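Letters A, B, ... are given to chains in the order of the sequence lines, protein chains preceding strands, and every chain is numbered from 1. What you are looking at is a predicted structure, and each value in this text was computed from that prediction instead of being measured.
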Amino acid sequence: MNASICLHNTLTRRKEPFQPERPERVTMYVCGPTVYSYAHIGNARPAVVFDVLARLLRRRYPKVVYARNFTDVDDKINAAAEAVGAPIGQIADRFINAYHEDMCALGVLAPDLEPRVTEHIPGIIEMIQTLITRGHAYVEQGHALFHVPSYPGYGRLSGRRPEDMIAGARVEVAPYKRDPLDFVLWKPSISEQPGWDSPWGRGRPGWHIECSAMIGQHLGHTIDIHGGGQDLIFPHHENEIAQGTCAHNADYCKTWIHNSFVTVDGQKMSKSLGNVLLVRDLLAQAPGEAIRLALLSTHYRRPLDWTVQRLAAARTVVQRFYTALERSTGLAPVKFTEPDATVLAVLQDDLNVPGALVRLHELLVNLEQADTDVARAQARDHLLASAGLLGLLQQVPRAALAALHQTTPGRAFPVLGTARIEALVAEREQARQQRDFARADALRDQLASAGVVVHDRPQGSTWTLTTEVPA
RNA sequence: GGCUGGGUGGCAGAGUGGUUAUGCAGCGGUCUGCAACACCGUUUACGCCGGUUCAAUUCCGACCCCAGCCUCCA
């Protein structure tokens, strides 16, 4: 058996060996998007990071239940729905579909479960009732609120002391709160707002309770891994712990994992700065795989600054890998190729993806240096099996290179049919054989102006569509 | 003000108490009619000041700077 997977646990602030409660059923929950708009690059980072973790866990454990929710009722969704005069379900459906498309383009595999809040209202109400019964929550002016002082462990995840938080609070305390830190479990809806009947009147759930309720319903009272962006540590995850622990009288989650933020050109993404980068828009500049690689090229717990240079660099690397793979297509696959031991080992060390990429480059060199068909097939399959752990290099090379060409920014090439290109390449080869180099060079220029790059190899000339971004 | 992370060579980015990853770019070379692709070689590092140590980029302390959270946010 290989060494265990080590993960940095936000709760303990250290890297520790991952030991699931029940290895026969490993549970992981990641906070998904609120579906009121298209996914931006900051939404994509956790999706990609936890996709890699899920792949790693699945390789190790027979059954992994990975859930990622959709928050489909929320004031922002309500506002978006009101703006276009559509029901919230329509807005949510639209952006859930868009989210699926975007994540698919980034090579993110579907989680096992994608629970939606609006489909879990009875469970949410039930959980709130349990909290009230146990003395951890109360009802005031149509609101149900969690009483923070009733849970002594509050603040442990974020490393904050309640007294500091009160001192630093910048918001006015709502009159219905018994304690400034108390947070809403259920809030009343006026008639135009979406709402559901409850013992406390018509209303809708607060943000924090939904995750706890869906976790309790689908994964259990104690889960193995809970993930999300680091901005969720406080208050969202802190509140989840309080609710879940108090409702079920059990540890809520053993390992908390948080990815760091994405900045754009050194600044936080925000609507006011106008620098929110949507995955949709980036997909016009580069294939999803290059975006995925760019997101994975920094360790998940470090801040990642998104720049055009970063994406360009990722394009170059993707191109290099697929160029080598393209040259080995047609070789029979080798049976039962395992991922590389080094790749596996560094990934198991708190998901050191950049370290794994280094090893992938070494495997690439092995492929490029292999001098027999058997060696090349082995090197290729070794590389592919290893890259598969990261969700990379799994496309048909020719198609991947074509995707790079199609997304080349700032270039519009006249379209030459494949037959025409082949004819020109053949004509040039003939000219070269006749040592008519002026003619050969003219043909090469003609092809280049159409975005076709010719490669003269010992076996003869081949061609690819350019993927170079102009400087 | 409180709480988290982080500051590594032109850029990106791992890691380590002593043997200076890796990628991109640059430079030199091999291949090529010339290129391109590919391969080989190669220059420049560890924010600042103290401390511990035979030895610190790596451990400890202070400081400076950056990002995030404390209010919806991945």
Would you confirm whether [X], through its side chain, and [Y], through its main-chain N or O, come within 3.5 Å as a donor-acceptor pair?
X       : Y       : result
R292(A) : L106(A) : yes
R68(A)  : F50(A)  : no
R380(A) : L331(A) : yes

Side chain of [X]: nearest nucleotide among [options]?
X       : options                : value
D231(A) : C40(B), G33(B), C73(B) : C73(B)
A440(A) : U4(B), G33(B), C73(B)  : G33(B)
T34(A)  : A74(B), C39(B), G33(B) : A74(B)
H361(A) : C34(B), U22(B), G13(B) : U22(B)
T323(A) : C37(B), G33(B), C24(B) : C37(B)
N352(A) : A74(B), C69(B), A14(B) : A14(B)
V358(A) : U22(B), C37(B), G5(B)  : U22(B)
H455(A) : A74(B), C73(B), C37(B) : C37(B)
V365(A) : C40(B), A38(B), A74(B) : C40(B)
R457(A) : C37(B), C72(B), U32(B) : C37(B)

Below the 4.0 Å mark, does [N] have OP1 or OP2 next to a side-chain nitrogen or oxygen of [X]?
X       : N      : answer
W463(A) : C37(B) : no
R302(A) : G7(B)  : yes
R320(A) : C39(B) : yes
K268(A) : C73(B) : no
T298(A) : G13(B) : yes

Which nucleotide, in any strand shown, forms a Watson-Crick or G-U wobble pair with [N], with both distances under 3.5 Å?
N      : answer
A21(B) : none
A67(B) : U4(B)
G26(B) : U42(B)

Base, sugar-phosphate or nothing for [X]? Non-hydrogen atoms, less than 4.0 Å.
X       : result
V454(A) : base
Q309(A) : nothing
Q369(A) : sugar-phosphate
L232(A) : sugar-phosphate

Is a donor-acceptor contact shorter than 3.5 angstrom present between the side chain of [X] and the base of [N]?
X       : N      : value
R160(A) : C69(B) : yes
D441(A) : G33(B) : yes
N43(A)  : C73(B) : no
R444(A) : A35(B) : yes
D305(A) : A67(B) : no

Practice item. To the nearest 0.5 Å, tell me how far F70(A) CZ sits from E210(A) CD. Key: 13.0 Å
Practice item. Inspect the contact between R428(A) and D456(A) and indicate whether a charged nitrogen and a carboxylate oxygen are less than 4.0 angstrom apart. Key: yes
Exercise for review: Please determine if R13(A) forms a cation-pi arrangement with W256(A), meaning its NZ or CZ atom is less than 6.0 Å from the six-membered ring centre and no more than 45° off the ring axis.
Suggested key: no
Point to revise | Residues F95(A), Y36(A); criterion ring pair (Phe, Tyr, Trp, His ring centres under 6.0 Å); working and verdict | key: CA-CA 7 Å; F95(A) 290 114; Y36(A) 66 98; 7.8 Å; no
